[in-house]
Structure formats: C-alpha cells, structure tokens
Amino acid sequence: MSTEEKNQIPSSIKPSSIAMIRTLGGIAMISGFLVVLVYQITLPIITENRRIALENAVFKVIPDATSRVNFVLSPDTLIREDAITDDRDVQGEKIYAGYNKSGQLMGIALEAAAPGYQDVVRTLYGYSPKCMCIVGITVLQSTETPGLGDRIETDPEFLANFNALDARLNTDKTALIHSIETVRHGTKTAPWQIDAISGATVTSKAVGKGLNNSTQTLLPLLVKHLDVLSQSNQGGIK
Amino acid sequence: MQPDSVSFIFLNACIVNNFVLALFLGICPFLGVSGKLHTAWNMGLATMFVMLVSSICAYAINFLLVEFNLEFLRLICYIAVIASAVQLVEMTIKKVSPTLFRTLGIFLPLITTNCAILGLALFQTLKEYNFIQCLAYSLGAGTGFILAIMLMAGLREKLDLAKVPNVSQGAALSLMLAGLLSLSFMGFAGLGG
Amino acid sequence: MVGELRQSTPITLNTFMRGIWSENPVFVMLLGMCPVLAVTNSVINAVAMGLATTFVLLCSSTLVSILRSFIPKQVRIATYIVIIATFVTMVDYIIQAISLELYKALGAFIQLIVVNCIILGRAEAYASRNNILKTVVNSAGMGIGFTFALLCLGGVRELLGNGTFLGFPVFWEGFQPWAIMILPPGGFFVLGAWLLLFSWLKQRQARKAQIKKGELAHAT
C-alpha cells in the first residue's frame, strides 16, 4: 500500500476542517440511520427468540410446566418482574416459577454457576418444593472440552442424577441438611450425591459445586415466599 | 475459588483462557512481531498498556450507554473511543517521555485495530464485570499476551538456527509452533476448579 | 498492485478470481487470522462467519467506493471504521434474529469482524481508488475466497474432530473422533497443514516451470 498515488482521489490538497466535519457528520448520520433501522426491525424477532429459548430451558428443567412467571429474588423480598418499574433499585437473582395447565406450582427454575475446566459453567436447574429436590438441569453456557466435559449436557447417566436430587432444608430453614456433593463415577450412595462422569470429573464437580452454592444461598430465601409463588398464576398471565 | 473473584478472573484470562492460544485473539502481532525477543517484549508491554486503557474506557462508555439505553451503538462507540484514547495516550507519551515513546511508540497505532483489544472490551461487557474485575481481566489478558508472545519469540529465535525443510519455512512453521504452545497451555485447564 | 491503480483497466475474470486464488486473503496474504482459527470448529460456524464477513466486506467497500470522492484523506481511516462498524452491528442483529444458537456459537467474533484487516485493507487499497462495479466484483471475490478458506479449515476440523460433516456422520461405526481438532491447538495445526500444502504446491509449480525453461533452453 506504500504507493502513494493519492492523486486518484479528486479532493483538494488541503481540505478545510468544515469539509472534514461535514464528511464525518454525514457518515455518522448514515450509519446511525442504518443501525437504528436494523435494530428496530430485528428487535421484536430477537426478543421473541430469547423468550422461546428461555421458555424451553425452563420447561426442560421443570417437568409438566406449561407456563411461567419471572420473579426477582433478593435477600428480603420477592417481586414479580413485570411489577418492577423502571427505577433500577431491585437487585437480586432472577428466578422462574413454572406452573402446569391447572395453574399449580410445579417448580422453580434457578441459575447456578461455578468454574469448570475451561471457563465458568452456568446451569439452570428446577427445584420442586413438593419433593424438596432438584428435578432437572440444563446447561446455559459452557466451553468444556468437546467429547469429555460437554457430556454433562448429553450423558443420560449423568442427567439421571437430577431426576430427584435431594435438596431438603434443615428445620430452621437456613441451609441444606446434606450439602450436594459430587462423587467419583460409580460411587453414588445417597440421594444428595451426584455421580460424576468418568473422564470429566472436574466438569461434573463444577456442576455440583454450582448447584450446592446456589441452593445453599437461594433456597432458604425462596421457601419464605412459597405461598406467594404458588398463588402467582391466578392472574392468568403467561 | 469463586467465579467472580479477582484472582480467578486474572488467572483465567492469563493462562487458562489465554487470549492468543485459547481464544485466538491478537494472532496477527503474535505471528508478525515474534521474530525477536526484544521486539516481542516491547510489543507485549505496549499491548498490555493499551488493554488497560481501553478496558477502562470501555467500562466507562458501557456505563453511559446502559444509562441511556443505547446498547446498539456499543460497537461503534467502543472502536471509536478506543482508537482515539490510544491516539491521545500516544501523544502524551511522546511529550512526557521520549524514551518510552521510542520503545512503545511504533507499536501503539498498530495495536489499536488488534482484535485482542476490542475482544477484551466486548468480553468484559458480555461477562458483566464490575470495575475492579475489569482491571483484573485486562491485566490478566495483558500478562497472558506477553507470556505467549515471549514464548513464541524465544522458540523462533532458536529455530532460526535449525535446519527445517524448505516447504515449512515461514508462516506454516510458526503456526505449528503456536499449535504446540496452545497444546501445552491446555494443561493449565481446570486450574480454577 | 500497479494495475488496479489505473482506472482504465477493464474488469476481467482476474478481478474476481484474484481474491479466491492468487491473492487469497487467508492462505496467501495471511490476513484476518483470528476468526479463521476461532470459529472454524464446525462447518456451519465457518460458513456463517464467512458469509457475515463477505456481507460486511461487500457493503462497506461499495459505500466507500460511492463516497470515495467526498472523503478527505485526512479523516479517511476514521470514516472507513465507522462505516465498517455500522455494517457489523447490522450483521450482529441480523444473525441474532435468524438463529440465537448460531449467535451463541460465534460469540463475540461477529463483532470482531470490525477489526478484521481484510475489510479495512480492501477499503483502503481498492475501494477508495476504483469504481463501484469493479469494487463489488473484487470484494465478492475476496469474500468468497475468505469463505472458501474458512470452509477448508472448518471441514477438516469437523470431519476429524467430530467425525461429521455439517452434522451428518460420515465415518464408519466406532470411529474415534480426534477431539483435539476441535480444540484450539487443532486450529493452529490444521491451518499450518493447509499452508504447508499450499507452499508445497507452489514450490512444485515453480520447479516445473524451471524444468520446462531448461528443456526449452536445451532444445534450442
């Protein structure tokens, strides 16, 4: 590119600053217009896609759920997400309550995260207040080794751990009776243990650790609001 | 270690998810400026410095953009502001310390359009880090970049003396080396767990 | 490079083919390596990335070519970057609208098209000096060349690393996939191998040409 044949560009040798500002301003206007146009067109489609993806994840971890309501759970309150106005005061975890056709609370989907082999493994799990256990899990984000670590998403034996993983709270409702732990492949003896995938112990442990951290902190907060959660589908809002 | 802790973020950006060897960001300078150890060191330092500056800038811009609900302008703003910030820094260094300018100066404009810089800004936004975490992330990424480019330069200096088949000279050989380095860095995976 | 500076040179097949073969951005010019290595762990990702880059390349160099006489040369780089960033943002939203899964797989690399040197290089070296038609043809060639290179890498990596092509299994039952090919080191190795192949082909061609010359010299 060193050939400086700039005489090709039919501009004056030294353009005034006004010309430069005019050009930059013009370009900025064109680009602003294009970006906003595309943004406006695609926004509803993207929101819809996101909603479907989230809904699929929630319905996957809460069996029999057909509708959901989003809540924000903070240390002292539980607020419906659609009741939050624009002031960004509400800080807390997003949780999703799933209901079946007749409006009964089937479970609550919560997020968990822990560092795995490569990067943070984020999961969404379903907690059923009826059996006080975890009833399903799906991986939201992971960059684990293909063929080894990513089996946490597909391995049926591993996923069977989460059909009814014990997450009972102790009598004062402050912590789990038995913390969730991950054990070596084939040594699972108790319902609160997770049988690791052989060859992917670190990733399996990350899943277990994330679940344990999340349940230990969120469930004690959550149980205080169970009656609110179970009645929240009355409005018939999907 | 908690996934949000500063030490985890630093180690993760530096070694486990090394920007060059695991995320493939900044390959151009990694292959182009790794012929000599000395130049590689200067390039690494300059990159780390620009990473720090642009990480801070990106954090500030993102704060503003979110405040005004203008997230769709994020990319344009990032690239424009990072480019001008680097230009400013370059001019300041030139005025304040000519010696430092001589070591870093020629690399600064090159680095501006390096994908590691923009990548850092985008990733820290994606991961929703706070200010301290952003600092740790950018320092980790910078250290990781220095580490990778120094290792590469050391290997290539030695290889200059070795006899290799005609066909494999140049970029192909560098890529194979990078592959081996990347393979060895995979051994660090699981460090945070 | 001298040829393309003259406005008068007509559009030839070479204007188009150059980007695909003799000036292939990846295999010959070694430009834009980051996405080449990062998103080629499957054919779908590779092709999507290639098409996205081609779209940005085509649109931005067309716009630069249209506006080339209005842009003062002092602010040209800033202008190019803004134009490119605009189209990248558009692509980013379009891909999100088409498939969230694809968007997740490509990650931040869609937005990183902005700093792909191929695009800025085309704007600076070609689009700012040539008329619209020529720019479009040349950029299309470059884009296709880039996509082709990504496909070469993605194909090999998915085939060996996962035993599939476009998601369909192609190998016999019991084939043990080489997981390393999908992992980062595999990217370096496969690209290195392709470069080896290309430089071997080039050397062989050169040697053949020399032998031919020698024969000619001998015959006379």
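A, B, ... follow the sequence lines: proteins, then strands. Residue 1 opens every chain. As the structure is a computational prediction, the values presented were derived from the model and not from experiment.
In this structure, chain B has heavy atoms under 4.5 Å from both the backbone and the side chain of C:Gln111. Heavy atoms of B:Ala80 lying under 4.5 Å from chain C are absent altogether. Only the side chain of C:Tyr93 comes within less than 4.5 Å of a heavy atom in chain B; its backbone stays farther off. Both the backbone and the side chain of B:Leu180 come within contact range of chain C, each with at least one heavy atom under 4.5 Å from a heavy atom of that chain. Contacts between B:Phe72 and chain C at a heavy-atom distance below 4.5 Å involve backbone atoms as well as side-chain atoms. With a 4.5 angstrom heavy-atom cutoff, C:Leu30 touches chain B only via side-chain atoms. Neither the backbone nor the side chain of C:Leu31 comes within less than 4.5 Å of any heavy atom of chain B.
Surrounding CD of C:Glu101 are at most 12 heavy atoms belonging to other residues, nucleotides or ligands under 6.0 Å away. Counting non-hydrogen atoms of neighbouring residues, nucleotides and ligands closer than 6.0 angstrom, the CZ atom of C:Phe198 exceeds 12 such neighbours. Atom CZ of C:Phe27 sits in a crowded spot, with more than 12 heavy atoms from other residues, nucleotides or ligands closer than 6.0 Å.
Here the closest non-hydrogen pair linking B:Phe24 and C:Cys34 is O-CB, 3.2 Å.
Separation of atoms CE (C:Met33) and CZ (B:Phe30) is listed at 11.5 Å; rounding is to 0.5 Å. Separation of atoms OG (B:Ser182) and CD1 (C:Ile180) is listed at 7.5 Å; rounding is to 0.5 Å. Separation of atoms CG (B:Leu173) and CG (C:Leu196) is listed at 8.5 Å; rounding is to 0.5 Å. Taking CG of C:Leu37 as the reference point, atom CG of B:Leu25 lies at 10.5 Å (rounded to 0.5 Å). With values rounded to the nearest 0.5 angstrom, C:Leu112 atom CG is found 5.5 Å from B:Leu122 atom CG. Rounded to the nearest 0.5 angstrom, B:Cys28 SG and C:Asn116 CG are separated by 8.0 Å.
Of the listed residues (B:Leu21, B:Val20, B:Leu126), the one with the most heavy-atom contacts under 4.5 Å to chain C is B:Leu21. Among B:Ala171, B:Ala116, B:Ser184, the residue making the largest number of heavy-atom pairs under 4.5 Å with chain C is B:Ala171.
Side-chain atoms of C:Phe189 and B:Met176, non-hydrogen and from C-beta on, do get closer than 4.5 Å to each other. At a threshold of 4.5 Å between non-hydrogen side-chain atoms, the residues C:Trp194 and B:Leu175 do not count as touching.
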Side chain to side chain contact (heavy atoms under 4.5 Å, CB included) evaluation trace for C:Asp92 with B:Leu75: CA-CA 10 Å; C:Asp92 190 61; B:Leu75 187 65; over 6 Å; no

